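In the text below, chain A, chain B and the rest are named by the order of the sequence lines, each starting its count at 1. Computed from a predicted structure; not experimentally measured.
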Amino acid sequence: MRASEPKVRIGVFFCACHEEISRGLDMVSLRQYAAELPDVVMTGGCEALCTKEGQKSIENAINEHKLDRIVVAGCSPRVYEDIVGRALVTAGLNRYMFDMANIREQCVWPHRDKKKATEKAKLLVAAAVARASVLEPLHGARIGMKRAALVLGGGVAGMQAAIDIADGGNQVYLVEATDRLGGRTYRLSTTFPTQECKPDGCCIHYCRECILTPKLEDVLQHPRITVFMNSKLVDFKGVFGNYTAKVKTPSGEQELEIGVVVVATGSKTVDPSRLPEFCHGMSKDVVTFLELEEMLVESRKSDCELHRPSDGTLPKTINFIQCVGSRDTTGRGKAHCSLVCCTYAIGQAKELKRRYPEARIFIHYIDLRGPYRGFEEHYRDAREMGIQFVRGRVAEVAKEKAGITVVGEDIDTGKLLRIKSDLVVLAVGQEAAEGTEKLSGLFRIPLDTDGFFREYNPAFDMMKRKGISIIGCAAGPKGIRYSVQDAKAAAASLNEFLKSGEVPVQPIRAQVDEGRCSGCRQCESLCPAGAIVMKRVHDKKSDTTRWVAFVNPSQCVSCGACAMACPSKSITLSHYKLNQLLSQLDALT
Amino acid sequence: MDTVSVDVKGGDFNAALSGALSILLENKTVDALLIPQEMPHGGNVVQTLVRKRSGLKGAAPINFVMPMNSSKLLVQLSETQPDEKIAAVLRPCELRAAVELVKLNQINRDSILFIGVDCAGTLKMKEYEKRARELKKAGKSPSAELAKESLTAMRNACQACENFWPFEGTADLVVAHIGVGPGGGLFIEGTSARGKEALKVLKDGGLKEAAIPDSRKAAIEKRKAAAADFRKKWYEDARKRLGSLEEWLNEFSTCIRCYNCRDACPICYCKECIFDSDYMKPSPKALLRKALKRGLIKMPQDTLLFHITRLNHMVTSCVKCGMCEEACPNDLPVAMLFAAMAENVQRLFEYVPGRDAKEALPLSTFKEKELEEVGGH
Amino acid sequence: MTEAKEFEPKIVGFVCNWCTYTGADLAGVSRFQYPSNFIPIRVMCTGAVDPMYVVKAFLEGADGVLIGGCHPGDCHYQTGNYKARRRATILKSLLKELGLDEKRLWVRWISASEGKKFAETVTEMTEELRKMGPSKFREEWDV
């Protein structure tokens, strides 16, 4: 025998919407119909429920008739849901205890026939009343947050993020895989736009030491930054605000309790041996741009001259080849553009032209792309210096008895080119760093088709929902300036969370009834936000442990896929449960 | 070589096979065997959990009746961190269901050694009971005798079955007898790393290496063709008897909502079925209101909804074992309905349940580029 | 003169909050007229539409059911409509084999800006269902 259900007391409020609604419907018949619906104890009406008077009338009615939930028949919930919720809160009810019947946008306005519109309005109100009668109060939550951040990667982006977060009063753990901070920037001889290094070897504060050292000192001396060198993240568990990261360091494994994560693992360059037509590895005089940087750095230590790797002579003809492994359609490189190669190639070409004004320098390109301010001047400078820009793909770098020959074409003149070269510099593209896939699995953040972490998506804002921010080249190729900007923006946002000490959890989210869950993982496999994980529970009665689903509350995006897929409805989306949906069907048919 | 032959003396293949498998028990390769046995009373064969050799006297791993799909027992026996190892003797449809249950995280694959056995088909339980009791009275072994006949009274599900031998790579050990035995000979093949290890134990225990004769392949093809013929007719029958609302209502008027079909189905794994939950039990008030609206309502409600919902939930993994129909007290054509529906739906996704433990369940995955005709223009 | 009582099909629509429901709102704002036979049920995403709801709608007497969502690739939750696609396909196959008129189940991708398309879809669906006649479930009580 079932106990009598607690009495539900519904008030139905009709908004005339300044006659927009009321003139299109037989309001008398409609109100009468509503008054006779089950669980409805009163009906009310007013000119406009979105006004102060309108809301007051609802509050008064709630108190007078002791309503525990309401239905508002008026405009689309997409427009005024929040206002109705607020009125409920003012009247002392939970803000989710209402449903709306859209009798304006989806009734009066598209149906001019008053009789037909009224018939439909009745059904819409009946469905809303039926749903309202089975709604439950919903509450958000606040999860406490650990005031500590994990920064993965000690390049320019990682270092900046670490400094900014630590300056915000929070503990930072910076984990670096190599034995040195600075990332790829450390391997550069100079950086754009300050690519001026005097040929006589005189330091003018624009080399990597001078750019990086102040930041390095900031990081290493900061009281709230702990640096782990030669270390890797091996495990990661928990929820936003309370993560446990396991880091493998040379002296053993460490477990770190953190609230947020910054992923600054950077990118790596494409290995040119994947494109053997460019002869890298087969001729000593074919180098990548990074190798050229290292040669320039080394040269400062000796005679400041750039010597050919093969025979030590000074190069007289230098060819730069762009897009090696970028914008590649053959499948051996990457399909995307790596953003920074045109800029640095021009920089390197200018540097060499300055040292060796008599040298012939060619840059073979497909398109010239410069996303940075100052690029135009940079490029014009290069042309004025006599650097030759050749638009056309290079077919190969041929190793011949006489030396290496660049075989390409000049699209603008239509000529095929064979240029004997003393030095060839390949602008190798950027691709996702080693271990990106593993991290994607640990953090449950998807990768995009190029293999980088998927960029910001407003629906799944990983930073707001998971407290995990992807910055710098880990999110796609970019230069130093944008990487550092990324870092500053991420740090500022994360600092807000860290300062508040809590993670807000929204009320409408998926929840698991662990007693009924069979642990089949269908929900886990379909969750678009990766918010569901399996956890072990111990059943005291039967002394068995089993797997059940667990929803990371801040991560749930409320899409309802899990609830749809669960055959037993052990996982449900609050406010959209099976009975709340079926009740509407009951009323409609 | 990864196969051994089992010496069958006096045509008693079950004694030979259980003798061979008991080596795994003695050697402690496994701590227990889940193996079918002829029941001492009446006429039936049930699974038993055996830990001592002495318990294998009535073992009948090759038999002709199927009271339940044993993969359900494996769910009960499955542990995430097992202290003891179990080997389970399974028919192909039980093995296929077990593979699906592994994908549904209900069975821990690592905790059980799967022994898949070729299947010659099964009789309906009442039919088997009658024959078995007669044969036992005459002092004969039901399995041995029935093995000599070509069973024409097999269950529909068995006559239509085209997957009557273990799918490659899904079991650890395969017992092959179609086209060669069982009275004439048996072979055991190790088809996984664990299976090959177990086979080594069998070899050390005296079983000789021998290749499975090609006659098995030919016999399989022949039976497959016959099954395909039967299946076509069976599904045409299904379409005639269940192809319209009126016909369905005619056939299912005696569904009494006992849920036996659901309980017998290995793929129905839910801890509490939605139909047992409060969601599907409207309040007296709601029922009275509905009856007022309609004039009358059937009590209990939602019979067609139950069957369609069960279809929606499990049809992609239906292994067509037919236990549902055997369990129905009113002999409703549930197996016919579900097998025919499963055929179409599984073909849509080119999915064969139980074929590969690494193949994702159609309902747990999706592709960006597929089903582009859905959604109209 | 007696008015021929024309059959008015009853259509239930499971429409996603972000696209089709908003598209329906836009149809109203633009005053596009469409038949009043359509009653919307607002869901967060078509990926949340359990085929059970669709079947229940038919069993309760709906002559047609519409599942309306974002265009594939544009789902607010990335992949909801891909899930809906598979389930709608399975359900249609089941309905077809059972002779339950799978043509009464429509799936349409209508975005928030396609108010006109929404109105046209409902109009088209109403007319098609009118031709098909009332659902058989309306008369049978022993389902």
TODO: Just jot down the ring-ring contact (aromatic ring centres under 6.0 Å, His included) partners of A/F14, sequence neighbours excluded, or say none.
DONE: none
- [ ] Please say which of A/Q584, A/H575, A/R131 ends up in a side-chain hydrogen bond (donor to acceptor under 3.5 Å, both in side chains) with A/D99.
- [x]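 Going through A/Q584, A/H575, A/R131 one by one, the side-chain hydrogen bond (donor to acceptor under 3.5 Å, both in side chains) with A/D99 is satisfied by A/R131 alone.
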Go through the atoms of [X] and report whether side chain, backbone, both or neither lie under 4.5 Å from a heavy atom of chain A.
X	answer
C/K56	both
C/R42	both
C/V122	neither
C/F32	backbone

- [ ] Establish, yes or no, whether a centroid distance under 6.0 Å links the rings of C/W109 and C/H71.
- [x] no
- [ ] Name, in order of residue number, those residues of residues 20-31 of chain C that have a heavy atom at a distance of less than 4.5 Å from a heavy atom in chain A; otherwise write 'none'.
- [x] C/Y21, C/T22, C/A24, C/D25, C/G28, C/V29, C/R31
Task: Partners meeting side-chain hydrogen bond (donor to acceptor under 3.5 Å, both in side chains) with C/K92 (sequence neighbours left out) - done: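 By the side-chain hydrogen bond (donor to acceptor under 3.5 Å, both in side chains) rule, C/K92 matches no residue at all.
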Open item on the list: Once side-chain hydrogen bond (donor to acceptor under 3.5 Å, both in side chains) is applied, do any residues pair with C/R86, and if so which ones, sequence neighbours excluded?
Closed with: B/E370
Task: Over 12 non-hydrogen atoms of neighbours within 6.0 angstrom of CD in C/E127 - done: yes
Task: C/K136 NZ: over 12 foreign heavy atoms closer than 6.0 Å - done: yes
